[in-house]
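Worth saying up front: this structure is predicted, and the values here are computed from it rather than measured.
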Amino acid sequence: MKLEEVKEILNAEVLCGHDRLSEEVNTACGADLMSDVLASKDEKSLLLTGLTNVQVVRTAEVLGDIVCIVFVRGKEPGPEILDMAASASIVVMKTDYPLFIACGLLYKNGLNCGSEF
Amino acid sequence: MKPYTMDFDVKARDFSSAGESSSKFRKTLLMLSIPSDIVRRASIAAYEAEMNIVIHSYGGKMHFEIYKDKIVIVAEDTGPGIKDLELAMKEGYSTAPKEVIEMGFGAGMGLPNMKRNADTMEIVNHDESGTKIVMTINF
C-alpha cells in the first residue's frame, strides 16, 4: 500500500516526509510497547503508535525497515521527534483515529502484519 | 585479523540519548556492507542491551567488534545485577519501574529478544557488582 493511500484512509496529516508519499509499505504494526515492535518480523513496515517520545523514532531507526510512523489519537509529536525522524528518513503522520480503529481501517483495506497467524 | 571496534559509554536513565550507540553501530554495519538481515539482528540485540543498561543499571558501556565473519556485542554495567536470571529470561517478566513502562520499554522482552537475535548469548556476570553480556552474530 502506498503511503498516499495510508494518508487518505486514516485522514492523516503528514508531519514529515511529504515528498515520499509514493513509497510503499508491505506490512503494519500497531503497538505502544517498543520491545514488541522490536520483536516483530515486519519488513517495509508502517508503525502505528500512541506513544510520543524519541524512543519511537529510535526503535524505528534501529529496526531499519520502518518506512513511516503514524501517531494515533491526534497526538502531536514534539519537534525533537520530527527532527530525528527527518534525519533517519522516516515519514511521520498523525491521525485522530484511536489505535484500534486506525489498524482496523488499514487491515480492512488490505494491509496486514508480517507474521503468520 | 584485528576486528573493527567501537566503544560507547551508556548513562543510566538518560532516555534522550538512549539508543544512540546502537544507532551509530548500525550505521557502521551498513557502511561496511554487512548483509541486511545481520544488520537488523545485530542492531536489535544491541539496542535491547543498551536499553537494559539505561533502564536497570547504574551506567555502563557498549563494546562492538566487527570481524569478517561475525559480530561481537559486549554490554557491561556497574550493577546492581540481575536478581533472578531464570525469571528475567522469561518473556513478559519485567522489573522495570512505571515511568520506564510509560516510555514503551520494560515489557519484559529485552533478554528474550536479545537471545532470539544473537547466535550465542552468554551472561558472563550478573551479581551486584554488575552485569556483563556477550553476544555473537555469525554470518
Side-chain angles (χ1 to χ4, degrees), chain A residues 25-27 29-67 69-73 75 77-90 92 98-99 103 113-116, chain B residues 10 13-31 34-52 54-56 62 73 88 91-94 96 99-118:
Chain A
V25 281
N26 300 333
T27 58
C29 168
D32 286 346
L33 286 173
M34 292 303 108
S35 272
D36 284 349
V37 180
L38 289 168
S40 73
K41 294 192 184 93
D42 301 345
E43 277 176 28
K44 290 275 272 172
S45 187
L46 178 77
L47 169 63
L48 298 109
T49 183
L51 193 69
T52 46
N53 62 45
V54 289
Q55 293 310 321
V56 174
V57 184
R58 189 70 80 198
T59 301
E61 191 192 6
V62 167
L63 276 172
D65 42 24
I66 291 178
V67 180
I69 300 169
V70 179
F71 292 103
V72 298
R73 229 176 247 283
K75 290 183 184 181
E80 71 283 5
I81 293 177
L82 297 180
D83 287 349
M84 205 193 231
S87 58
S89 301
I90 295 166
V92 179
L99 184 59
C103 293
C113 77
S115 310
E116 294 281 331
Chain B
V10 181
R13 297 299 169 104
D14 181 359
F15 287 101
S16 60
S17 56
E20 260 176 24
S21 49
S22 302
S23 173
K24 285 177 186 157
F25 166 60
R26 178 176 181 273
K27 281 179 189 143
T28 305
L29 294 181
L30 288 174
M31 232 163 56
I34 308 285
S36 64
D37 60 317
I38 301 292
V39 174
R40 189 175 201 272
R41 284 170 52 207
S43 305
I44 292 172
Y47 185 47
E48 289 281 19
E50 186 181 354
M51 288 310 292
N52 271 350
V54 176
I55 294 166
H56 297 288
M62 295 292 297
I73 302 168
E91 291 194 4
Y93 177 78
S94 175
E99 70 266 24
V100 169
I101 293 169
E102 279 165 7
M103 297 209 54
F105 282 88
M109 294 297 289
L111 287 174
N113 222 356
M114 284 153 63
K115 198 175 176 199
R116 190 177 305 136
N117 283 289

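At least one donor-acceptor pair closer than 3.5 Å links the side chain of A:Asn53 to the backbone N or O of B:Met103.
Environment of CZ in B:Arg116: crowded, with over 12 heavy atoms of neighbouring residues, nucleotides or ligands closer than 6.0 Å.
Note that CG of B:Asn52 is 5.5 Å distant from CE of B:Met114, once rounded to the nearest 0.5 Å. Taken to the nearest 0.5 Å, the CG atom of A:Asp65 stands 7.5 Å off from the OG1 atom of A:Thr27.
The contact between B:Glu20 and chain A is made by backbone and side chain atoms together, counting heavy-atom distances below 4.5 Å. With a 4.5 Å cut-off on non-hydrogen atoms, B:Ser94 does not touch chain A at all. B:Ser16 touches chain A through its backbone: at least one of N, CA, C or O sits under 4.5 Å from a heavy atom, while the side chain does not.
B:Gly104 approaches A:Leu51 most closely through the heavy-atom pair CA-CD2, 3.6 Å.
B:Arg26 has its side chain within reach of B:Val39: a pair of non-hydrogen atoms, C-beta onward, lies under 4.5 Å apart.
Residues B:Lys27 and A:Glu61 are paired through a salt bridge, judged by an N-O separation under 4.0 Å between the basic side chain and the carboxylate.
Looking only at heavy-atom pairs under 4.5 Å with chain A, the residue among B:Ser22, B:Ala18, B:Ala107, B:Gly108 that has the most is B:Ala18. Between chain B and the options A:Thr59, A:Val54, A:Val56, the largest number of non-hydrogen pairs under 4.5 Å is found for A:Thr59.
Interface residues of residues 31-40 of chain A toward chain B, defined by a heavy-atom distance below 4.5 Å and sorted by number: A:Asp32, A:Leu33, A:Met34, A:Ser35, A:Asp36, A:Leu38, A:Ala39, A:Ser40.
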Item checked: salt bridge (charged side-chain N to carboxylate O under 4.0 Å, His left out) evaluation trace for B:Arg13 with B:Glu99 -> CA-CA 10 Å; B:Arg13 297 299 169 104; B:Glu99 70 266 24; 3.1 Å; yes
